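Everything numeric here is computed off the predicted structure, so don't read it as measured data. Note that these values count all heavy atoms, side chains included, but never hydrogens, waters or copies made by symmetry.
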Amino acid sequence: MSKKYIMLILIPVVIIAAAVIIFLCVQGGAGGYSGKVTAEGKPLANVSVSDGRNVVKTDDNGLFTLKGYRKTRFITVTAPAGYTTENYYIPADKSKHEGYDFDLEKSSIAAGEAHSFLQISDTEIGEDGVGEWVNYLKDIAENEKPAFLIHTGDICYEPGLKKHIEGMNTENMGVPVRYTIGNHDYVDGKYGEELFESLYGPVWYSFEVGNVHYIVTPFQTGGDYKSGYNKNDRWRWLANDLTNTDESMNIVIFNHNAPPSDDYVISYDLGKKLDLKEHNLIAWIFGHYHYNYIEENEGVLNISTARPDCGGIDSSVSGARMVHISEAWDITTDMIYYDFNGPAPEVQGAKWSAQLDGNVLFCNTVVHDNKVYAATVDEDYPRTCGIYCLNPIDGSVMWNFTTKNSVKNNIVVENGVLIAQDCDGNVYCLDSHNGSEKWNTSVALGSSLNTSSGICVSDGVVYTGCAAAVTALDINTGEKLWENIRNHGEASPAEFVTVGDKLIVSSHWDALVALDKNTGKELWENKDEDIRFRSSTPAVVNENTLLVADSDAVMLVDANTGEITSKTDFEGYNFSSSAQPLVAGDIAYIPTANKGLVIMNLKNNEIVKEVQVGKAMLYTAPYTSGDSMTIESSLISLSDGSLLFGASDGKLYIMSADGEMTKTYDIGAPIFGSAAEYNGNIIVSDCSGRVVCLDR
């Protein structure tokens, strides 16, 4: 045979051989990975084991073999219901193909049994490590006995990643601790997950407890540094994991971010789709937004929990969440705030006290036409929240109306009607005398999860929605007059304000915005580095000027153009309180998130006096913690010229116009909304959901 023909034969053989070698390398190398799963030394069959993409079941002898793939970094075992292990992953060594053995223990929670878990998120610690709040979590773990604790991401950056695992792990928490990678957990390295994986293990894996198949998935839209995986890697594994999951199991997914689609259908590869509802998805648990929020969507609960140690981006209360799953897969939750949960102590000398269902957050106590009104929040599921009308003489409930979701912000009462909006964008118009519903309109929320709203009423028009989507409604009919879908900004408790023909909208982490209140057209926006942090409600100085306080600055803004005409920075001050400053001539009373109340002279932009309050009982203002002296309650003027406000320290204060305290009431629970005056009495709602009447 000629050399020519020999070459023609050898070339395809070489190509095929090379292809085989490449294939074997891609799949993890010849022989793959094999091992054994046992339970207390005895072989355990039908257990899922994965190489990060492929998932196989152990045979009757507990044996498995995985072919591996190019990015195999761990071999993981899915501890089945009734079993548990802390050693659920083994780093893959491409030169080692055998000996990937797992020995499981019997769990204290039997297969099919009801159980609970504890969720925290976005702790964002630094090189100093976890703080005092970790003891609060230990107390929860000791009292509630959760099956495990899950951290849903943003540990945060390289120092945090190195320190967090030292301060919060299975051994020192007394319960199994699991971590999810967040966007700030992708750090500089060979690839973004490298450090996380070296300390915390795989970024996707599954385990079972009781009657639920739990799945940990990584942040799906990219982190601070480039991922070593593409989106198809995680979803291919997830499809394989679910294929090997018992169809009788319901699933819960942990991720740092919200679900990737409203219908829970994941698209991957070329035209492949994974419908999570077909695999019995009952909940998607996440963080990222620093919001406390639960939404039911297509039978699935979307559960977001803010930080355990400080106020959320939208001023959510700091805390952790217990999630309970019954034998019938019914989900209930308990938000445990840091560090007040009530019940509040009895207020000495109170004329009457009424306990409402839920908590009162940023809703002012409204007294109108000889009636008291308040609205409540329930950040758990199932929720009990609504709008209440009380008798101001004895505190008895005259009527109450159950809302579909929490009312976290203001209500408006005028001309015989009450207007309120809940967190799902349902706007209610009720007869203020008897609570009957006149109309109910659902408004768009745009890109926002919308945990708060900035509702206001002017000239027979209701302005509602949120910064990302503003809607004007006819107050008599609920008919939509106009809509501006901005799709910018985060939610915050800052209220909408009208000045002249303009609606002023505070778009958090975005801008201060003016819309034409008749058409919804944007007139101007200001994105100054201080003004774009929009937690506080602007105050109207006059028809041409707004006083805007936030970050560490106090600004005067031209209401017609949006230009800042005066800006004064105050180092060490944090003005990210939801409260609205009170302007009286040349004097402004400005609540802060960390230093109580400041009295400022607008002529020379100097602080005349600082009025201190006590340490906050709960943290709400964004990123506040520690010894913050927070005031979220706007001041009101009393009939004798005194000023009244509540604080997060659980006290209600009356002071003179020059800042001298004249009376203090110990309410015993944080106050986040304004109090009211009625017939010589003071009426206030507190965070415990209680309304109290006090002698002036």
Side-chain angles (χ1 to χ4, degrees), residues 258-259 262 283-298 300-306 311-317 319 321 333 335 337 356-364 374-388 401-412 418-430 440-456 462-471 473 485 487 489-496 505-508 534-535 578 620 622 632 672-673 685 687 689:
D262 290 337
W284 185 286
I285 316 286
F286 61 104
H288 188 49
Y289 298 91
H290 300 209
Y291 290 4
N292 293 325
Y293 184 69
I294 298 181
E295 173 192 39
E296 184 177 2
N297 177 43
E298 297 195 8
V300 179
L301 291 183
N302 297 331
I303 301 177
S304 170
T305 302
I313 289 172
D314 69 333
S315 298
S316 281
V317 184
R321 191 186 299 276
T333 72
M335 193 70 208
Y337 295 137
L356 312 181
D357 288 330
N359 307 95
V360 178
L361 284 186
F362 304 108
C363 179
N364 296 336
T376 64
V377 165
D378 187 348
E379 297 187 314
D380 284 312
Y381 188 88
R383 61 179 67 88
T384 304
C385 50
I387 302 163
Y388 289 82
F401 179 90
T402 300
T403 53
K404 294 179 181 178
N405 209 324
S406 298
V407 179
K408 290 194 174 183
N409 213 318
N410 248 354
I411 56 177
V412 178
L418 181 151
I419 308 293
Q421 178 187 320
D422 71 16
C423 292
D424 285 340
N426 300 300
V427 183
Y428 307 91
C429 178
L430 310 179
N440 181 333
T441 300
S442 179
V443 299
L445 302 179
S447 59
S448 176
L449 289 182
N450 199 47
T451 47
S452 296
S453 62
I455 194 168
C456 71
V462 179
Y463 299 99
T464 188
C466 59
V470 185
T471 302
L473 305 174
I485 308 298
N487 280 332
E490 299 285 342
S492 85
E495 301 167 20
F496 292 170
V505 175
S506 295
S507 187
H508 191 36
R534 300 300 323 121
S535 294
S578 65
T620 48
E632 301 273 20
F672 300 133
S685 306
C687 184

Quiz item: Any idea which heavy atoms bring Y428 and K404 closest together, and the distance?
Solution: OH-N, 2.9 Å
Exercise. Please report the C-alpha distance between V407 and T376 in whole Å, then the side-chain angles of each, then the deciding distance to 0.1 Å, and finally whether the side chain to side chain contact (heavy atoms under 4.5 Å, CB included) criterion is met.
Key: CA-CA 6 Å; V407 179; T376 64; over 6 Å; no
Quiz item: Just by distance, do the side chain of N410 and the backbone of I455 share a donor-acceptor pair under 3.5 Å?
Solution: no
Exercise. Could you tell me whether the side chain of P622 reaches within less than 4.5 Å of the side chain of I313, counting heavy atoms only?
Key: no
Quiz prompt | Spatial distance of atom CD1 (I294) from atom OG (S304) [nearest 0.5 Å] | solution = 9.5 Å
Quiz item: How close do A469 and I485 get, heavy atom to heavy atom, and via which atoms?
Solution: CB-CD1, 3.6 Å
Quiz item: Passes side-chain hydrogen bond (donor to acceptor under 3.5 Å, both in side chains), E379 versus Y291? Steps please.
Solution: CA-CA 10 Å; E379 297 187 314; Y291 290 4; over 6 Å; no
Practice problem: For N440, look at atom CG and say whether over 12 heavy atoms of other residues, nucleotides or ligands are found less than 6.0 Å away. | Solution: yes
Quiz item: Any salt bridge between R383 and E296, counting N to O under 4.0 Å?
Solution: no
Self-check item: Closest contact, heavy atoms only, C363 versus A375
Solution: SG-N, 3.6 Å
Quiz item: Do any N or O atoms from the side chain of S492 and from the backbone of D314 form a donor-acceptor pair under 3.5 angstrom?
Solution: no
Quiz prompt | Rounded distance (nearest 0.5 Å) linking atom CZ of R534 with atom NE2 of H508 | solution = 9.0 Å
Practice problem: Could you check if a side-chain atom of L418 sits within less than 4.5 angstrom of a side-chain atom of V412, using non-hydrogen atoms only? | Solution: no
Exercise. Can you measure from SG (C423) to CG (N405) and round to the nearest 0.5 angstrom?
Key: 5.0 Å
Exercise. Kindly indicate whether the side chain of P259, heavy atoms from C-beta on, has any atom under 4.5 Å from the side chain of N302.
Key: yes
Quiz prompt | Sub-4.5 Å side-chain heavy-atom contact between Y337 and N359 | solution = yes
Quiz prompt | Side-chain heavy atoms of L473 within contact of T464, under 4.5 Å | solution = yes
Quiz prompt | Shortest non-hydrogen contact between S507 and A467, atoms and distance | solution = CA-CB, 3.5 Å
Self-check item: OG1-CG distance between T305 and N292, expressed to the nearest 0.5 angstrom
Solution: 6.0 Å
Self-check item: Aromatic ring pairing F362/F672, orientation class (parallel under 30°, perpendicular over 60°, tilted between)
Solution: tilted
Quiz item: If we only count heavy atoms from C-beta on, is the T333 to I303 side-chain gap below 4.5 Å?
Solution: yes
Quiz item: Which atom names give the shortest non-hydrogen contact between A306 and V317, and what distance separates them?
Solution: CB-O, 4.5 Å
Quiz prompt | Sole candidate of D424, T471, V427, N426 that passes side chain to side chain contact (heavy atoms under 4.5 Å, CB included) when paired with S442 | solution = N426
Practice problem: Check the pair Y381 / L301 against side chain to side chain contact (heavy atoms under 4.5 Å, CB included), numbers first and verdict last. | Solution: CA-CA 9 Å; Y381 188 88; L301 291 183; 3.6 Å; yes
Quiz item: So do the side chains of V377 and V360 get within less than 4.5 Å of each other, counting heavy atoms only?
Solution: no
Practice problem: To the nearest 0.5 angstrom, please state how far the SG atom of C466 sits from the CD atom of Q421. | Solution: 7.5 Å
Quiz item: Distance-only, no hydrogens or angles: does the T620 side chain make a donor-acceptor pair with backbone N or O of S316 under 3.5 Å?
Solution: no
Self-check item: Between OH on residue Y388 and CD1 on residue I411, distance to nearest 0.5 Å
Solution: 12.5 Å
Quiz item: Mind checking whether C429 and I419 have side chains closer than 4.5 Å, heavy atoms only?
Solution: yes
Quiz item: Does K408 come within less than 4.0 Å of D422, counting only side-chain N to carboxylate O?
Solution: no
Self-check item: Heavy-atom pair with the smallest gap, counting every atom of M335 and D380
Solution: N-OD1, 2.7 Å
